[in-house]
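Notes follow once the structure below has been shown.
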Amino acid sequence: MHTLATALLLLVAIEHVWILILEMFLWTKPLGLKTFRQSKQAAEATRVLAANQGLYNGFLAAGLFWSLATGERPVQFFFVICVLVAGIYGGLTAKRSILYIQGLPALLALLALLAS
């Protein structure tokens with residue numbers, strides 16, 4: 001179960017690096033526009049906010065990578081719970097798919113951590 005927990009934490013960390021890239025660098029590009037289903041005009045108007053969100057997602061990824069490198073379970077729990085809370089909040093307030101894309105992998109990683 002330890003290997004599964006590690007793999008899921010790594011998956012969540014990589015996902016958040018991808019979210020960082022989407023929000024910080026691709027927000028106004030075709031892939032970002034398609035991913036977030038918005039117009040070029042709306043993306044330009046929210047570019048700075050998206051970059052800020054991307055930076056926070058990068059911090060979550062960094063924390064997860066750090067927790068994996070050190071093997072410190074309390075740190076792993078902290079960061080995966082942060083991701084889970086963000087996924088739930090985003091799913092309830094912004095877009096329901098965030099609950100599944102961000103929240104579900106974090107929940108699975110948390111359950112695997114608890115079981116290991």
Side-chain angles (χ1 to χ4, degrees):
M1 196 55 82
H2 175 72
T3 303
L4 178 61
T6 299
L8 289 170
L9 286 170
L10 184 59
L11 174 73
V12 173
I14 292 168
E15 177 184 33
H16 280 76
V17 169
W18 177 240
I19 294 170
L20 173 148
I21 292 167
L22 280 170
E23 292 177 341
M24 292 189 81
F25 306 110
L26 300 176
W27 187 256
T28 59
K29 307 290 190 252
L31 182 59
L33 297 174
K34 182 180 177 184
T35 300
F36 297 104
R37 296 181 183 155
Q38 60 182 346
S39 68
K40 180 80 168 167
Q41 187 176 34
E44 288 294 342
T46 58
R47 170 184 231 148
V48 173
L49 293 172
N52 195 11
Q53 286 178 183
L55 185 61
Y56 289 124
N57 279 293
F59 290 142
L60 290 172
L64 288 165
F65 284 125
W66 170 46
S67 75
L68 287 165
T70 62
E72 295 200 26
R73 289 180 54 90
V75 179
Q76 293 171 349
F77 276 104
F78 174 79
F79 280 101
V80 80
I81 289 170
C82 286
V83 172
L84 179 58
V85 170
I88 291 168
Y89 184 79
L92 294 175
T93 62
K95 191 173 171 188
R96 183 169 222 83
S97 64
I98 295 171
L99 188 59
Y100 307 109
I101 294 169
Q102 186 177 13
L104 183 59
L107 176 61
L108 295 174
L110 177 60
L111 292 174
L113 266 176
L114 288 168
S116 67

>> Checking Y56 against L60 for the side chain to side chain contact (heavy atoms under 4.5 Å, CB included) test, could you report, in this order, the C-alpha distance in whole Å, the side-chain angles of both residues, the deciding distance, and whether it holds?
In response: CA-CA 6 Å; Y56 289 124; L60 290 172; 6.0 Å; no
> When you look at Q38 and W27, which way does the side chain to side chain contact (heavy atoms under 4.5 Å, CB included) test go after all the steps?
Replying inline: CA-CA 9 Å; Q38 60 182 346; W27 187 256; 3.0 Å; yes
>> Could you walk me through whether L99 and L92 satisfy the side chain to side chain contact (heavy atoms under 4.5 Å, CB included) test, starting with their C-alpha distance in whole Å, then the side-chain angles of each, then the deciding distance to 0.1 Å, before giving a yes or no?
In response: CA-CA 8 Å; L99 188 59; L92 294 175; 5.7 Å; no
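Every residue meeting the side chain to side chain donor-acceptor pair (under 3.5 Å) condition with R47, not counting sequence neighbours, appears here in chain and number order: T28, E44. Shown here are the ring-ring contact (aromatic ring centres under 6.0 Å, His included) partners of F65, two or more places apart in sequence or in another chain: there are none. Residues passing the side chain to side chain donor-acceptor pair (under 3.5 Å) test with S116 are R73, sequence neighbours excluded. Q53 meets the side chain to side chain donor-acceptor pair (under 3.5 Å) test with E23; sequence neighbours excluded.
Both L111 and L64 belong to a common hydrophobic cluster when Ile, Leu, Val, Met, Phe, Trp and Tyr are linked at side-chain heavy-atom distances under 4.5 angstrom. Under the 4.5 Å side-chain heavy-atom criterion for grouping Ile, Leu, Val, Met, Phe, Trp and Tyr, L20 is connected to L31 within one hydrophobic cluster. F36 and L49 fall into different hydrophobic clusters, where Ile, Leu, Val, Met, Phe, Trp and Tyr are joined by side-chain heavy atoms under 4.5 Å apart, directly or via other members. If you chain together hydrophobic residues whose side chains sit under 4.5 Å apart, L22 and V48 never meet in one group.
Of the possible polar contacts, one joining the S39 side chain to the A42 backbone as a donor-acceptor pair under 3.5 Å is found.
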Anything under 3.5 Å between a donor and an acceptor, one on a side chain of residues 3-17, the other on a protein residue two or more places apart or in another chain? List them.
unit_1 : atom_1 : unit_2 : atom_2 : d
T6     : OG1    : H2     : O      : 3.0
H16    : ND1    : V12    : O      : 2.9
H16    : NE2    : Q102   : NE2    : 2.9

Taking distance alone, no hydrogens or angles, what donor-acceptor pairs closer than 3.5 Å link side-chain atoms of residues 74-89 to residues at least two apart or in another chain?
unit_1 : atom_1 : unit_2 : atom_2 : d
Q76    : NE2    : S67    : O      : 3.2

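Atoms CG and CD1, on L104 and I98 in that order, are 14.0 Å from each other to the nearest 0.5 Å. Of the inter-residue distances, the one linking I101 atom CD1 with W18 atom CH2 reads 12.5 Å to the nearest 0.5 angstrom.
Side-chain contact between F59 and L55 is present, with at least one heavy-atom pair separated by less than 4.5 Å.
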